[in-house]
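The next block holds one structure in the form of structure tokens; read it before the comments.
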Amino acid sequence: MSDALKHECGIAVIRLLKPLEYYKEKYGSAFYGVNKMYLMMEKQHNRGQDGAGFASIKLDTKPGERYISRVRSVAQQPIQDIFGKINERVNNELTAHPEYANNVALQKKHIPYIGEVLLGHVRYGTFGKNSVESVHPFLRQNNWMHRNLIMAGNFNMTNVKELFANLIQLGQHPKEYTDTITIMEKIGHFLDDAVSKIYKDLKKEGYNKREASPLIAERLKVAKILRRAAKNWDGGYAMAGLIGHGDSFVLRDPAGIRPAYYYKDDEIVVVASERPVIQTVFNVNFEDVKELDPGQAIIIKKSGEVSFKQILEPLERKSCSFERIYFSRGSDAEIYQERKTLGKLLMPKVLEAINNDTKNTVFSYIPNTAETSFFGMIETAEAYINKKKTNTILKGQRSLSAEKVTEILSERARIEKIAIKDVKLRTFITEDSSRDDLVAHVYDVTYGVIKPEDNLVIIDDSIVRGTTLKMSILKMLDRLNPKKIIVVSSAPQIRYPDCYGIDMANLESLVAFRAALSLLKDANKYHIVEDVYNKCISQTDLDDKHVQNFVKEIYDPFTDEEISDKISELLSDESINAKVRIIFQSVENLHKACPDHLGDWYFTGNYPTVGGNRVVNRAFINFFEGNNERAY
Ligand SMILES: NC(=O)CC[C@H](N)C(=O)O
């Protein structure tokens, strides 16, 4: 990925089903859960580097004993930072009290962080600031154990404003306007309600307050609370929560936009945003890790009982294809194949662009995420070359000399490491021209492998704004003097904003949108822009379910090719000598490569929830009015 993109978050839940002594006995430490959590977060660090947080709950503590711990950080290396703090605290306690060393009961009683229910989160902020207050897990504290709620999520709601207003209508006074607090308070409201109802019933049945407490834990129906709380949520989410007495849950959005995977056996239950994390950290097989169904919650009661409850009516499944193209680690068995297929499917267009001249073409990739699709592309290039070799040999009708055959066989796809990503460069001087020169050096290149008659094919996973491509990559590649530079995007053209966890909230920064506007100008059809604006304005008061995506009309007059060619033009200025061509994946081929992950709204404008249409409508109005506001 050459464009920096804010995206994603990663969640991790661990529930230890056995007493802590069991883990000490079997794995040598009662901190087994904390250690595993560290690994799960570290292996999801790709999903969030703005901040990280950890929380845990100890089951069955006595009144007056601390049972909730939490630590959060926005340091440079936030995961290292929080586990550094945890380690220090634990080690200090163990040194000061040698008697704790082999006594799990004392460890649990006196040392924080150790616990049976653990929650971890890595964050890329999509809402609000990057201060430590915005880092998950969030805590809603109460003197009643059952009313404590801890939450963390990978999510984005399109209707936070409305949800926030609802809370105020419920008589609440949220301490902050952030999306995570809004969601947590909503659940918290129904949690409070459920707890007091159960308590009332118990009182009627003759239990006193003290006797009631464990029974509340037993009777609390988490599914019912989630059903009431999530009724009006519109967005993509995997929300994880812990309740003070030890119940925990993860709820996934009804279109399955954001990912959630789980594993369970008789020792543990774990949930994470990515499957291979669980496979690696717990050494389990692919088949043993399951995906949480859209609209479902996995609920783990304090008792250890695990259930799967359909909380919301599932919508048409639209799991985010960007997870497959770029966000998730490519080590997932399925994602790896999907990325390779994306590369393979692009090859026919590439061969056409190089006139099948594989001899004079060098293939390369933008590090790091485009590597897998590059392997796919190369497999197909090699297959093509082999076919060519076979044909030449067959044409020779057995009269070719051994030398000639060896020569024919020696042709290979020319694979080179061309682009090198350097560390983020600081720009010292704000004066324009010198700054551009520094920006150009974000990428570097390998010299000496490209000949002037060569085509240079370079694959990237996606092109969002195209800024880095224009300002750095193309300029650097052009220094190698190739005849032609062909940039291949394993994702289709990004035409519409996202509002489900990726921060692409405005239209005009998308290079595909700018290309369409430019084509409209060229074709004397710019009036369409105003027509679309008027249509958008006419929808502002409509209920979400009646709003349509009229922004599609901006793209309608043009073929994909026309837009791709315009993007090539926009991204290559006069300073570039080589001919530049940009090839995008087609949406059809994307679906072929990732048949189970059809969420494609950023490419097609077909939003998976009704709120998406409202967001794109607002984004267009903002663009037209020159308004810098977020669209949701
Ligand atoms: N990327 C995410 O999932 C972000 C979660 C949440 N919206 C936040 O900003 O903290």
Side-chain angles (χ1 to χ4, degrees), residues 1 4-13 40-41 44-55 70 72-74 78-79 82 119-140 149-164 174-187 230 233-241 250-253 255-261 271-274 277 292 319-320 322-323 326-329 464 497-505 599 601-602 608-609 611-612 615 630-632:
M1 159 75 57
L5 201 59
K6 288 273 175 173
H7 65 91
E8 295 312 286
C9 275
I11 56 164
V13 176
M40 284 181 78
M41 290 173 65
Q44 295 191 88
H45 80 260
N46 52 304
R47 300 187 70 84
Q49 276 139 40
D50 286 345
F54 165 97
R70 178 182 63 159
R72 299 183 289 177
S73 167
V74 282
I79 304 173
I82 58 177
L119 175 61
H121 187 262
V122 290
R123 177 176 192 245
Y124 262 125
T126 58
F127 192 106
K129 298 176 296 250
N130 257 348
S131 59
V132 73
E133 290 80 29
S134 306
V135 175
H136 311 208
F138 279 62
L139 204 58
R140 183 182 196 262
L149 181 62
I150 309 175
M151 293 217 55
N154 168 202
F155 77 103
N156 218 66
M157 301 295 172
T158 73
N159 60 342
V160 182
K161 274 188 205 136
E162 189 188 319
L163 296 173
F164 189 81
K175 59 178 180 190
E176 237 182 292
Y177 176 55
T178 72
D179 58 352
T180 315
I181 292 214
T182 307
I183 295 304
M184 182 173 71
E185 288 301 339
K186 191 85 177 195
I187 298 179
W233 296 357
D234 185 285
Y237 50 90
M239 295 305 304
V250 176
L251 169 62
R252 191 177 183 200
D253 68 86
I257 296 170
R258 299 266 63 96
Y261 293 88
V271 188
S273 298
E274 297 186 23
V277 177
L292 191 61
S319 42
C320 175
F322 243 117
E323 283 284 349
Y326 163 55
F327 295 153
S328 295
R329 265 197 174 184
V464 188
D498 185 72
C499 45
Y500 302 102
I502 313 170
D503 204 16
M504 301 195 294
W601 51 92
Y602 15 67
T609 71
V615 172
R630 290 177 64 89
Y632 59 92

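For this chain, numbers begin at 1 and follow the sequence in order. Every value quoted in this text rests on a predicted model; they were computed, and no experiment measured them. Atoms within each ligand, like the ligands themselves, are counted from 1 in listed order.
- A donor-acceptor contact closer than 3.5 angstrom is absent between the side chains of Ser273 and Asn154.
- Among the atoms of Phe155, some N or O lies under 3.5 angstrom from an N or O of ligand 1.
- Asn156 and Tyr632 are linked by a side-chain donor-acceptor pair at a separation below 3.5 angstrom, with hydrogens and angles left out of the test.
- Close contacts of ligand 1 with Asn154, meaning ligand atoms under 4.0 Å from a residue heavy atom, involve 2 (C), 3 (O).
- Remark: ligand 1 atoms within the under-4.0 Å shell around heavy atoms of Tyr124 are 1 (N), 2 (C), 4 (C).
- Not a single heavy atom of Arg47 lies less than 4.0 angstrom from ligand 1.
- Between Glu323 and Arg258 there is a salt bridge, with a side-chain nitrogen of the basic residue lying less than 4.0 Å from a carboxylate oxygen of the acidic one.
- Every atom of ligand 1 with a heavy atom of Gly125 under 4.0 Å away is listed here by number and element: 9 (O).
- Near Phe127, the atoms of ligand 1 lying under 4.0 angstrom from a non-hydrogen atom of the residue are 9 (O).
- The closest donor-acceptor contact from the side chain of His121 to the backbone of Gly153 lies under 3.5 Å.
- Counting heavy atoms under 4.0 Å from ligand 1, residue Arg123 touches it through the side chain alone.
- No side-chain donor-acceptor contact under 3.5 Å links Gln44 to the backbone of Val277.
- The distance between the ring centers of Trp233 and Phe155 does not fall below 6.0 angstrom.
- Below 30°, between 30° and 60°, or above 60°: for Tyr177 and Phe127 the angle between ring planes is above 60°, a perpendicular geometry.
- Contact annotation: for Thr126 versus ligand 1, heavy atoms closer than 4.0 Å belong to both the backbone and the side chain.
- By the criterion of a heavy-atom distance under 4.0 Å, the side chain of Asn156, and not its backbone, is placed next to ligand 1.
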